[in-house]
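Comments concern the structure below.
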Amino acid sequence: MGRATTTLVGRVLRTLHLTRLGWRWLAGPVTMGVRVVVPDAEGRVLLVRHSYVGGWHLPGGGVGRAESLKAAALRELSEECGVHAAEARLLGIYLRVRLGGRHTDHVAVFVAEAWSGTPRGDGREILETRFFPADALPEDATTATRRRIAEWRGSPVDETW
């Protein structure tokens, strides 16, 4: 996919993302999301860079209707990164408050230690996937990403995103 196409797709996804946030601000629904900590054999963790929001994040996304949290986490991991895991353990469930308190959601974070595949972005939603040392995350890794990785490494759990 050419750079111009990738940029256009990123703009469209960002517009859709902002539209969704606007609707959530007006409607104020409570939603559910998932993220996954994926360590490699060297103890590094997999992070993704989206086309529509800045920074490095744990892979993940939304939970579909009639879908369990774990099933959503494993599906999102496969869709976003091409990584397949048959099992994941729950690290924690976190409260996330946004848009001045008009929108709240909960995010369940899982750990998938046994997985297969070669991590790769889809070129549309996920621009890049990369493993980073857990103690040397990129400067623009999000605060929530840093907290979840620290908790995975043994820090006390903070129930807020």
Side-chain angles (χ1 to χ4, degrees), residues 1-40 44-86 88 91 93-100 102-112 115-134 136-149 152 161:
M1 187 179 314
R3 182 164 174 77
T5 303
T6 301
T7 303
L8 177 61
V9 170
R11 285 186 192 146
V12 169
L13 288 172
R14 180 162 177 75
T15 300
L16 291 172
H17 176 69
L18 293 173
T19 301
R20 183 178 67 195
L21 289 178
W23 174 81
R24 287 180 175 172
W25 183 81
L26 290 171
V30 176
T31 59
M32 192 75 203
V34 292
R35 300 283 184 177
V36 187
V37 176
V38 181
D40 69 2
R44 300 175 304 169
V45 293
L46 180 65
L47 299 182
V48 300
R49 193 168 56 82
H50 295 93
S51 63
Y52 55 89
V53 65
W56 288 92
H57 304 260
L58 292 168
V63 179
R65 292 181 191 265
E67 185 176 39
S68 74
L69 297 174
K70 187 186 296 185
L74 297 176
R75 174 186 52 76
E76 286 287 349
L77 186 60
S78 176
E79 288 177 1
E80 284 197 349
C81 304
V83 170
H84 308 285
L91 179 66
I93 299 176
Y94 305 87
L95 171 65
R96 184 167 118 173
V97 178
R98 295 185 293 159
L99 302 174
R102 295 269 314 154
H103 177 73
T104 61
D105 58 6
H106 289 82
V107 181
V109 178
F110 290 86
V111 178
W115 54 272
S116 63
T118 302
R120 48 104 187 108
D122 62 12
R124 293 182 312 273
E125 181 181 0
I126 304 301
L127 297 177
E128 189 174 359
T129 63
R130 193 182 309 168
F131 282 96
F132 293 93
L137 299 175
E139 186 175 305
D140 60 343
T142 66
T143 301
T145 297
R146 291 177 182 282
R147 285 184 188 153
R148 303 304 74 92
I149 291 170
W152 166 68
W161 191 248

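As the structure is a computational prediction, the values presented were derived from the model and not from experiment. Index from 1, following the sequence.
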- Query: So, Ser78 versus His84: side-chain donor-acceptor pair below 3.5 Å or not?
  - Reply: yes
Taking all atoms of both residues into account, what is the closest heavy-atom pair of [X] and [Y], and its distance?
{"X": "Val109", "Y": "Arg148", "result": "CG2-CD, 3.8 Å"}
{"X": "Val36", "Y": "Ala112", "result": "CG1-CB, 3.9 Å"}
{"X": "Trp115", "Y": "Pro39", "result": "NE1-O, 2.8 Å"}
{"X": "Leu95", "Y": "His106", "result": "CD1-NE2, 3.9 Å"}

- Query: What do you reckon, are the aromatic ring centroids of Trp56 and Phe131 less than 6.0 Å apart?
  - Reply: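 Not close enough - the centres of the two rings lie 6.0 Å or further apart.
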Under 3.5 Å, is there a donor-acceptor pair between the side chain of [X] and the main chain of [Y]?
{"X": "Thr145", "Y": "Ala141", "result": "no"}
{"X": "Glu76", "Y": "Arg35", "result": "no"}
{"X": "Arg49", "Y": "Thr129", "result": "no"}
{"X": "Ser51", "Y": "Arg124", "result": "yes"}
{"X": "Arg14", "Y": "Tyr52", "result": "yes"}

- Message: Evaluate Val107 against Val34 for side chain to side chain contact (heavy atoms under 4.5 Å, CB included), listing each step before the verdict.
- Response: CA-CA 5 Å; Val107 181; Val34 292; 5.8 Å; no
So do [Y] and [X] actually touch side chain to side chain, heavy atoms under 4.5 Å?
{"X": "Asp40", "Y": "Leu46", "result": "no"}
{"X": "Val48", "Y": "Glu128", "result": "no"}
{"X": "Ile149", "Y": "Leu47", "result": "yes"}
{"X": "Met32", "Y": "Leu69", "result": "yes"}

- Query: So, Arg65 and Glu67, do they make that salt bridge, N to O below 4.0 Å?
  - Reply: no
- Roughly how far, to the nearest 0.5 Å, is the CD atom of Glu80 from the CZ atom of Arg75?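 Separation between the atoms: 9.0 Å.
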- Message: Show, in sequence, the C-alpha distance, side-chain angles and deciding distance for Val38 and Leu77, and conclude whether the side chain to side chain contact (heavy atoms under 4.5 Å, CB included) test is met.
- Response: CA-CA 9 Å; Val38 181; Leu77 186 60; 3.6 Å; yes
- More than 12 heavy atoms from other groups under 6.0 Å of CZ on Arg120: yes
